[in-house]
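The first residue in the sequence is number 1, and the count goes up from there. These numbers come from the heavy atoms of this one structure, side chains and all, not from hydrogens, waters or symmetry mates.
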Amino acid sequence: MYFKILMAYLLGYVTIEIEGYYIERFMNICNNQKIFLWNTKRPKTAIMKVNISIQDFKKIKPIAKKTKCKIKIDSKKGMPFFFHRYQKRKIFLLFFLLVMIGTIALSNFIWNIEITGTDKIDPQEIKQLLEENDFKVRNK
């Protein structure tokens, strides 16, 4: 179930508000047609808020008409809506990706290690152990 929610975030989902007197029937028909609804909340008797994926949202119009319910989009979440928001800022997205790739690439290296506070162990012995474990040791 968590995998479906993660995939829904990557593919995009909407939070909808269903208003009507036959909300239970609406939910049952959605369940029979394998339309996945999650995070259901009922603030009032005739209103229910649920999350639904974009693909399934396109399928619920005839169900809403059949059960005489009104559907209103409350919020849109997920990657497609995020990228749509920054569609005109392509250079920003390019630099963001370059910074992320640079951060990941540079985080694979250990830049500097100082050996201090070794009264009982000789620093040369520690350097020798590092060399044995495939670390490159450079002397200043």
Side-chain angles (χ1 to χ4, degrees):
M1 184 158 116
Y2 293 114
F3 180 73
K4 277 190 172 184
I5 294 171
L6 177 66
M7 286 305 295
Y9 182 76
L10 291 175
L11 298 174
Y13 68 92
V14 292
T15 302
I16 59 172
E17 188 175 278
I18 306 163
E19 185 176 351
Y21 292 108
Y22 302 108
I23 296 174
E24 291 84 8
R25 185 172 178 219
F26 176 85
M27 301 279 283
N28 287 334
I29 294 172
C30 287
N31 192 22
N32 289 338
Q33 293 188 7
K34 306 285 191 252
I35 296 174
F36 183 62
L37 304 172
W38 73 96
N39 200 17
T40 59
K41 295 176 185 167
R42 196 161 194 167
K44 294 183 182 177
T45 307
I47 296 175
M48 182 173 277
K49 291 188 178 189
V50 298
N51 292 344
I52 187 169
S53 67
I54 296 172
Q55 294 86 6
D56 290 340
F57 179 72
K58 295 174 183 177
K59 299 176 189 175
I60 64 170
K61 187 175 181 181
I63 299 170
K65 199 177 256 189
K66 184 177 184 179
T67 57
K68 298 176 184 171
C69 291
K70 293 181 183 177
I71 295 176
K72 178 181 147 190
I73 296 177
D74 220 22
S75 64
K76 300 174 183 178
K77 295 177 182 151
M79 291 302 224
F81 301 112
F82 177 78
F83 287 130
H84 181 70
R85 187 180 313 147
Y86 293 108
Q87 186 175 8
K88 293 181 182 177
R89 300 177 184 145
K90 292 178 183 167
I91 294 175
F92 170 75
L93 183 64
L94 175 72
F95 280 117
F96 179 75
L97 289 174
L98 285 174
V99 167
M100 291 303 294
I101 290 169
T103 304
I104 291 169
L106 293 176
S107 69
N108 290 326
F109 298 107
I110 299 174
W111 289 95
N112 189 15
I113 297 175
E114 291 184 23
I115 303 169
T116 58
T118 56
D119 296 336
K120 297 179 183 176
I121 303 172
D122 186 35
Q124 293 300 324
E125 193 175 323
I126 295 173
K127 289 180 183 178
Q128 184 181 4
L129 283 170
L130 288 173
E131 286 177 353
E132 289 173 5
N133 290 314
D134 297 329
F135 284 95
K136 295 180 183 175
V137 178
R138 296 183 196 158
N139 293 324
K140 288 185 177 182

Going only through I, L, V, M, F, W and Y residues with side-chain contacts under 4.5 Å, is there a path from [X] to [Y]?
| X | Y | result |
| --- | --- | --- |
| V50 | Y13 | no |
| F36 | I60 | no |
| L11 | F3 | yes |
| V14 | F26 | yes |
| L37 | I29 | yes |

- Task: Using a cut-off of 6.0 Å, state whether more than 12 heavy atoms not belonging to F81 lie near its atom CZ.
- Result: yes
- Query: Should we count CG of L97 as having more than 12 external heavy atoms under 6.0 Å?
  - Reply: yes
If you look at every heavy atom in [X] and [Y], which pair is closest and at what distance?
| X | Y | answer |
| --- | --- | --- |
| T45 | I23 | O-CD1, 4.3 Å |
| T40 | M48 | CB-SD, 4.5 Å |
| I63 | C30 | CD1-SG, 4.1 Å |
| I71 | A64 | CD1-CB, 3.4 Å |
| P43 | K41 | CD-O, 3.4 Å |

So how far is it from [X] [atom1] to [Y] [atom2], rounded to the nearest 0.5 Å?
| X | Y | atom1 | atom2 | result |
| --- | --- | --- | --- | --- |
| E17 | S75 | CD | OG | 10.5 Å |
| I54 | K77 | CD1 | NZ | 13.0 Å |
| T15 | D74 | OG1 | CG | 6.5 Å |
| Q128 | L130 | CD | CG | 10.5 Å |

- Message: I'd like to check the side chain to side chain contact (heavy atoms under 4.5 Å, CB included) partners of N31; sequence neighbours left out, ordered by chain and number.
- Response: none
- Identify whether the distance between the nearest side-chain nitrogen and carboxylate oxygen of R42 and E24 falls below 4.0 Å. yes
- Item | Minimum side-chain heavy-atom gap K44-E19 below 4.5 Å | no
